[in-house]
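Data block below; observations after.
Values below: every heavy atom of this structure, side chains too, minus hydrogens, waters and symmetry copies. Every chain is numbered from 1 and lettered A, B, ... according to where its sequence line falls, protein lines coming before strand lines. Quick caveat: nothing in here was measured; it's all calculated off a predicted structure.
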Amino acid sequence: MSVLPQDELIKMWESEQENLKQQVLERDTEEWQRASGFKGLQRVGGVDLSFIKGDDVKACAQLTVLSYPQLEVLYADSQMVTLSTPYIAGFLAFRETPHLLEALRRLERDKPSLMPQVVFVDGNGLFHYREFGLACHLGVLADLPCVGVAKNLLHVQGVVRSGEHLSQISTLQKAGDTFPLTAASGRVLGKALRSSDKSTKPVYVSVGHRISLDTAVRLTSACSRYRVPEPIRQADMRSREYLRTHFPSQGT
DNA sequence: GCGACAG
DNA sequence: ATCTTGTCGC
């Protein structure tokens, strides 16, 4: 069976990103986003995929919903999925989005009252080569407010892990401190955030959909007990737990 | 040409 | 993403 060459596939994907990008709303669309203390916000979601060691095709897709501001788990869904595309930096959404959307559909079907009012995504939003990362992609297709939170710096539009960048990181003294991620064009694509007092390494926050950068950063800070915001952390922990119990590693 | 490169 | 337990430090 023949398939499209990878460079042709990538051209199609770039085209789709440019197309969907037109739908991104980079501003607060919800009442709670403007309210003091995020009054009116009751449910925050997190999504993640975990893999088995030697297998990059089978994965556990996870969706968690936590109460706000308590950050207690209200809902957790684990589902084994089969990935159909490889990981290529800049095209993560084509690998993960279909399964994350499926998880949101299951929630809509089974517990619609628990639908999150905002979803934290493991990866970037506007902080992306073409300003349309996973958090934007999922946000647009699900039509939900989304925030991108990456644990590592993607080298984007002149933003690199240079001495200057490391120097800026060292200026982050306490939880909530930030510095902007500014593209060569001068546009601020996201912010590095010290998410907890204990962690020196920042997370990289960017707009996914239907939220402003300032609100995204303040909300990420408000949802972080440790370095990784709690909705994503719970999704990560629970998907790994699922793999441990259903696919125990073989010992020698 | 070489290296960098979210998860 | 994953390979991996204990260990050093606050």
Problem set entry | Audit row: A:Ser221, A:Ser224, side-chain hydrogen bond (donor to acceptor under 3.5 Å, both in side chains) steps and yes/no | CA-CA 5 Å; A:Ser221 196; A:Ser224 299; over 6 Å; no

What is the separation between atom [atom1] on [X] and atom [atom2] on [N], rounded to the nearest whole Å?
X        : N     : atom1 : atom2 : value
A:Ile232 : B:dG7 : CD1   : P     : 10 Å
A:Asp55  : C:dT2 : CG    : P     : 12 Å
A:Lys58  : C:dA1 : NZ    : P     : 19 Å
A:Leu83  : C:dT2 : CG    : P     : 12 Å
A:Phe132 : B:dA6 : CZ    : C1'   : 15 Å
A:Gln17  : B:dA6 : CD    : P     : 15 Å
A:Leu100 : C:dA1 : CG    : C1'   : 14 Å
A:Ile88  : B:dC5 : CD1   : C1'   : 12 Å

Exercise. Considering residues, nucleotides and ligands other than A:Glu108, do more than 12 of their heavy atoms fall under 6.0 Å from its CD?
Worked result: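 Yes, the 6.0 Å shell around CD holds more than 12 heavy atoms from other groups.
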
Would you say [X] places a side-chain N or O within less than 4.0 Å of OP1 or OP2 belonging to [N]?
X        : N     : result
A:Tyr204 : B:dA6 : no
A:Arg95  : C:dA1 : no
A:Asn152 : B:dC5 : no

Considering every strand and a 4.0 Å limit on heavy-atom distances, what is the contact class for [X]: base, sugar-phosphate, or nothing?
X        : answer
A:Phe51  : sugar-phosphate
A:Leu134 : base
A:Asp48  : sugar-phosphate
A:Lys151 : sugar-phosphate
A:Gly90  : base
A:Asn124 : base
A:Phe91  : base

Which label fits [X] and [Y]: parallel for a plane angle under 30°, tilted from 30 to 60°, or perpendicular past 60°?
X        : Y        : answer
A:Phe127 : A:Tyr204 : parallel
A:Phe91  : A:Phe94  : tilted
A:His165 : A:Phe179 : perpendicular

For this session: Could you give me the CA-CA distance, side-chain angles and deciding distance for A:Leu104 and A:Leu63, then say whether side chain to side chain contact (heavy atoms under 4.5 Å, CB included) is met?
Result: CA-CA 8 Å; A:Leu104 287 168; A:Leu63 167 63; 4.0 Å; yes

Exercise. So, are A:Arg210 and A:Asp143 salt-bridged, with charged N and O less than 4.0 Å apart?
Worked result: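 A salt bridge links A:Arg210 with A:Asp143.
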
Exercise. If you measure from the Lys or Arg side-chain nitrogens to the Asp or Glu carboxylate oxygens, is any gap between A:Glu102 and A:Arg105 under 4.0 Å?
Worked result: yes

Exercise. Can you list the steps and then say if A:Arg130 with A:Glu18 is a salt bridge (charged side-chain N to carboxylate O under 4.0 Å, His left out)?
Worked result: CA-CA 8 Å; A:Arg130 289 165 296 281; A:Glu18 289 299 329; 5.2 Å; no

Exercise. Does the A:Ser195 side chain pair with the main chain of A:Arg227, one donor and one acceptor, at a distance under 3.5 Å?
Worked result: yes

Problem set entry | Under 4.0 Å protein heavy-atom contacts per nucleotide of nucleotides 3-10 of chain C, with B for base, S for backbone only and - for none | S-------

For this session: Go through DNA chain B and write down every stem, that is, every run of at least three consecutive Watson-Crick or G-U wobble pairs with distances under 3.5 Å, as range with range.
Result: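 Paired runs of 3+ in DNA chain B: none detected.
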
